[in-house]
Every structure is written in C-alpha cells, then in structure tokens.
Q: 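This is the structure, below, for whatever I ask next.
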Amino acid sequence: MEPFKIQHLRQFVSAVDSGSFLAAARATFRSQGAVSAAMDDLERQVGAPLFEPGKRALPTPLGQSLLPLFRELLAVHDRVRLEANELAQARQGSVALAVMPSLADEWLPDILDRYARQWPQVRLRAVDIPSQAVRQMVLSGEVDIGIAGLLADDPRLNFRPLVHDEFGIICPASHRLADLPQPVDWEALQGERLIGNATFEALRHPGIPPWVTDPNMVVTNRASLIASVRSGLGVTILPILARPAARYELAFVRLHQPVIARTVGLVTRPGQSLSPAGQSMYGLLVELMGALARERGGKVVDSFGTQEKKLNKQRKSDS
C-alpha cells in the first residue's frame, strides 16, 4: 500500500479548515495548482473523492470522516519529529556517569549543576565507585561515560587521557610536613602514622619505600579519611585533584624522588557512539576537568601526549 505523504495530509486539513485551496496553498508555501494536484493524488490513494465538485474546498462525507484521522496522523508525525530533533540537539534523553570517589565529592556536583542548567530535560544518573569498577560499569553498558584513573591499557575500552595527577601528602596546615620546603622526599614520611586510602593502588613504584604501600590503617570512605586527618589521627597521600577543599584547612605537600602520578581521563566503549546528550556531557567533562587541573596545579594532557613524555622524563631523572 502506498504511504500517505505528510505534506498532502497537511494541505488537506488546511483546505478543509479554511474552506479554500488558495489559503491551503499559502499556508503550506505551495501554488494553488500544486495543492490541487496533491489533492487529486490523495483522492487516488484513498480511492474516492474527498471534496465536493466546485471551487470551494468543501469536504465530502468521506472527507469529513477522514479529517480527524488525518489530524491524528499529523499530530503523531509532528510530535515524533519534534522529539527526534530534541534528542538530536541533546535537549532530551539520558546520560549515566560513573566517577571515582576522589573526584565525586566536590567536583561532580558542579558538573551536574552546569549540565542540568544547560540541558534541563535530560535525565542524569551518577554513581561514585573505584576506578576499576568504573571501567566495568562502562564495559557492561550500565553507564555511558566513566571518569577514572588509568592503571593498565584495556583494549575493550576507549580511554582519553586528560590530566596527569601527581600524588602528595595531605596533612593539617599546622603539621611539620606542611612547613618543609616542597617537594619532599618519600622518606620524609618516616615515623608518621600513615592512613591508606583507595588511591593507594597507584602507588606501585620501586623507588617508594615498601612501608608506604602497606600502612597499618586504611580508610576508604573519603569523608572519614578527611575527618581522620583533620583530627590528627595521621596523614595520608592523595592525588592533587583529590586534595580536600580549602575549608578543611589541610595542606598538600608535593612528593618527588620519585614523582608518582596517575593519568585521569574519560572511559567509553569502543565502536559505540554516544547519544547527542552523552556527547554534550563528554565535551563538558573535558572542559571542566581541564579547568579543575589548572586550578589545583595538575598537569593537563595535550593532544599529542607531550605532557606524558615530560612526566616520563621526570620520573627517570628522579629514579
């Protein structure tokens, strides 16, 4: 069966509503002759006359019966077309994110606020989980985009590096380590009560004393970790992007010999495009993660990997 042409249906409804083929032509930006030809074609498809003979667009009883059906078909078409456009322009849809906890506490709310204000109709979902779990959620399709540290290449995923995130000591501003000239050697931690955390998985380097990666105390919850350091229970080691906000009155002391850094970036599934809403979120994440790195003193990865080469060179000289 030959499908109806939407333009023909629109001209039919306009002609009946106005009682004039000329008015229908003007409303649909066609000539009167083109509208008349379209109505002839529509009558051919229906198999019976839709208008009474004469100059005015007076519908036949069949035309009157088909009018509400044609209106319904046009309404569905226009709604689908509008929603398709809304989805294509990222004004509707959904985006799911998985973010490692060290960034989720202070940085993620700003991301969600910025995105929700720009695309208020898009549904958002965000979870904070360790980097390894972030990658698994992206791989399984539970989330569209992950923000994680790169521990090892995974050919099943796309990883776009954005920031080299150097590790340092987190201690109270009044602590002796905060008064030392920066950066300090890892041996400066000797004798300190060290509190481990979820980011310690990245501290695997032959130049680091083995007791650093095997602390007697481990606190994986970020809020509890910060509270423990503030109370004087001990000091911890975090990447610079994960350093607590200034209101906590904690110092960040850079470490070297060797410099240890994780590479933080965006994780997506290869061979699968993001939706327009997801692409908008992806672009915003690239922009704001770069801004966060510059604000906190992290090192933004350029498009040619120049920063990574510099970092590798620095590591060799420190070793």
Q: Quick one: side-chain hydrogen bond (donor to acceptor under 3.5 Å, both in side chains) partners of Ser231, sequence neighbours excluded?
A: none
Q: Pairs of donor and acceptor atoms involving the side chains of residues 241-255, under 3.5 Å and at least two apart or interchain, shall be tabulated with distances.
A:
{"from": "Arg254", "atom 1": "NH1", "to": "Glu166", "atom 2": "OE1", "distance (Å)": "3.4"}
{"from": "Arg254", "atom 1": "NH2", "to": "Gly297", "atom 2": "O", "distance (Å)": "3.3"}

Q: Give a yes or no on whether Ile6 and Leu67 share a hydrophobic cluster (residues Ile, Leu, Val, Met, Phe, Trp, Tyr; joining criterion: side-chain heavy atoms under 4.5 Å apart).
A: yes
Q: Evaluate the side chain to side chain contact (heavy atoms under 4.5 Å, CB included) criterion for residues Ile240 and Phe167: first the C-alpha distance (whole Å), next the side-chain angles of each, then the deciding distance (0.1 Å), finally the verdict.
A: CA-CA 6 Å; Ile240 195 168; Phe167 282 78; over 6 Å; no
Q: Closer than 3.5 angstrom, by distance alone: can the side chain of Ser131 be matched with the main-chain N or O of Gly149 as a donor-acceptor pair?
A: yes
Q: Any side-chain to backbone donor/acceptor pair from Thr268 onto Ile145? Under 3.5 Å, distance only.
A: no
Q: Only counting residues at least two apart or in another chain, list the ones meeting salt bridge (Lys or Arg N to Asp or Glu O under 4.0 Å) with Asp165.
A: Arg262
Q: Is Val286 reachable from Leu97 through a run of hydrophobic residues whose side-chain heavy atoms are each under 4.5 Å from the next?
A: yes
Q: Please set out all donor-acceptor pairs under 3.5 angstrom arising from side-chain atoms of residues 42-51, sequence neighbours excluded.
A:
{"from": "Glu43", "atom 1": "OE2", "to": "Leu50", "atom 2": "N", "distance (Å)": "2.7"}
{"from": "Glu43", "atom 1": "OE2", "to": "Phe51", "atom 2": "N", "distance (Å)": "3.3"}
{"from": "Arg44", "atom 1": "NE", "to": "Asp41", "atom 2": "OD1", "distance (Å)": "3.0"}
{"from": "Arg44", "atom 1": "NH1", "to": "Glu2", "atom 2": "OE1", "distance (Å)": "3.3"}
{"from": "Arg44", "atom 1": "NH2", "to": "Glu2", "atom 2": "OE1", "distance (Å)": "3.2"}
{"from": "Arg44", "atom 1": "NH2", "to": "Glu2", "atom 2": "OE2", "distance (Å)": "3.3"}
{"from": "Arg44", "atom 1": "NH2", "to": "Asp41", "atom 2": "OD1", "distance (Å)": "2.7"}
{"from": "Gln45", "atom 1": "NE2", "to": "Glu2", "atom 2": "O", "distance (Å)": "3.4"}
{"from": "Gln45", "atom 1": "NE2", "to": "Pro3", "atom 2": "O", "distance (Å)": "2.9"}

Q: If you group Ile, Leu, Val, Met, Phe, Trp and Tyr by side-chain heavy-atom gaps below 4.5 Å, do Ile170 and Val218 land in one group?
A: no
Q: How far does CG of Leu266 sit from CG of Asp144, to the nearest 0.5 angstrom?
A: 12.5 Å
Q: For residues Leu69 and Met39: do they belong to one hydrophobic cluster (side chain heavy atoms under 4.5 Å, members Ile, Leu, Val, Met, Phe, Trp, Tyr)?
A: yes
Q: Tell me, with the steps shown, if Glu142 and Arg125 meet salt bridge (charged side-chain N to carboxylate O under 4.0 Å, His left out).
A: CA-CA 10 Å; Glu142 294 178 74; Arg125 183 169 70 92; 5.9 Å; no
Q: Return the set of residues passing side-chain hydrogen bond (donor to acceptor under 3.5 Å, both in side chains) with Asn216 (not counting sequence neighbours), or none when no residue passes.
A: none
Q: Side-chain heavy atoms nearer than 4.5 Å, only ILVMFWY residues, links allowed to pass through others: does that put Leu58 and Val13 together?
A: no
Q: Is there a side-chain contact between Val301 and Leu162 in this structure, where contact means two heavy atoms from C-beta onward sitting under 4.5 Å apart?
A: no
Q: Do the side chains of Val127 and Val99 get nearer than 4.5 Å, heavy atoms only?
A: no
Q: Using every non-hydrogen atom in the two residues, find where Gly290 and Val300 come nearest and quote the distance to one decimal.
A: O-CG2, 3.8 Å
Q: Take Val235 and Arg193 through the side chain to side chain contact (heavy atoms under 4.5 Å, CB included) test and state the conclusion after the steps.
A: CA-CA 6 Å; Val235 301; Arg193 181 182 296 166; over 6 Å; no
Q: Considering residues at least two apart in sequence or located in another chain, which fulfil the side chain to side chain contact (heavy atoms under 4.5 Å, CB included) criterion with Ala133?
A: Ile129, Pro130
Q: Which pair of non-hydrogen atoms, one from Leu225 and one from Val219, has the smallest distance, and what is that distance?
A: N-CG1, 3.5 Å
Q: For a side chain to side chain contact (heavy atoms under 4.5 Å, CB included) check, start with the C-alpha distance between Tyr115 and Leu288, then their side-chain angles and the critical distance, and finish with the verdict.
A: CA-CA 11 Å; Tyr115 191 90; Leu288 294 188; over 6 Å; no
Q: Ignoring hydrogens and geometry, is there a side-chain-to-backbone donor-acceptor pair from Arg156 to Leu139 under 3.5 Å?
A: no
Q: Please find the pair of heavy atoms, one from Ser275 and one from Ser94, that lie closest to each other, and give the distance.
A: OG-O, 4.2 Å
Q: Side chain to side chain contact (heavy atoms under 4.5 Å, CB included) between Thr28 and Arg30: does it pass, once the steps are laid out?
A: CA-CA 6 Å; Thr28 57; Arg30 294 292 189 272; 4.1 Å; yes
Q: Mind checking what makes side chain to side chain contact (heavy atoms under 4.5 Å, CB included) contact with Ala227, not counting sequence neighbours?
A: none
Q: Taking all non-hydrogen atoms of both residues, which atom of Phe12 and which atom of Gly63 are closest, and how far apart?
A: CZ-O, 3.6 Å
Q: Going by side-chain hydrogen bond (donor to acceptor under 3.5 Å, both in side chains), name the residues that satisfy it together with Asn221, two or more places apart in sequence or in a different chain.
A: Ser224
Q: Check for a donor-acceptor pair, side chain of Trp107 on one end and backbone N or O of Leu292 on the other, with a separation under 3.5 Å.
A: no
Q: Rounded at 0.5 Å granularity, tell me how far CG in Leu124 sits from CD1 in Ile111.
A: 11.0 Å
Q: Please report the shortest heavy-atom distance between Val134 and Ile147, naming the atom on each side.
A: CG1-N, 3.8 Å
Q: Ignoring hydrogens and angles, tell me if any N or O in the side chain of His175 forms a donor-acceptor pair with the backbone of Leu177 under 3.5 Å.
A: yes
Q: Closest approach of Val267 and Phe159, non-hydrogen atoms and distance?
A: CG2-CD1, 3.7 Å
Q: Among all residues two or more places apart in sequence or in another chain, which pass the salt bridge (Lys or Arg N to Asp or Glu O under 4.0 Å) test with Arg26?
A: none
Q: Going by side chain to side chain contact (heavy atoms under 4.5 Å, CB included), name the residues that satisfy it together with Thr213, two or more places apart in sequence or in a different chain.
A: Leu203, Arg204
Q: Can you pull the side-chain hydrogen bond (donor to acceptor under 3.5 Å, both in side chains) pairs that have at least one residue in residues 58-77, sequence neighbours excluded?
A: Asp17-Arg71
Q: Kindly write out the residues that satisfy side chain to side chain contact (heavy atoms under 4.5 Å, CB included) with Ala38, not counting sequence neighbours, or none if the list is empty.
A: His8, Gln11
Q: Side chains of Gln7 and Arg10: do they bring a donor and an acceptor to under 3.5 Å?
A: no
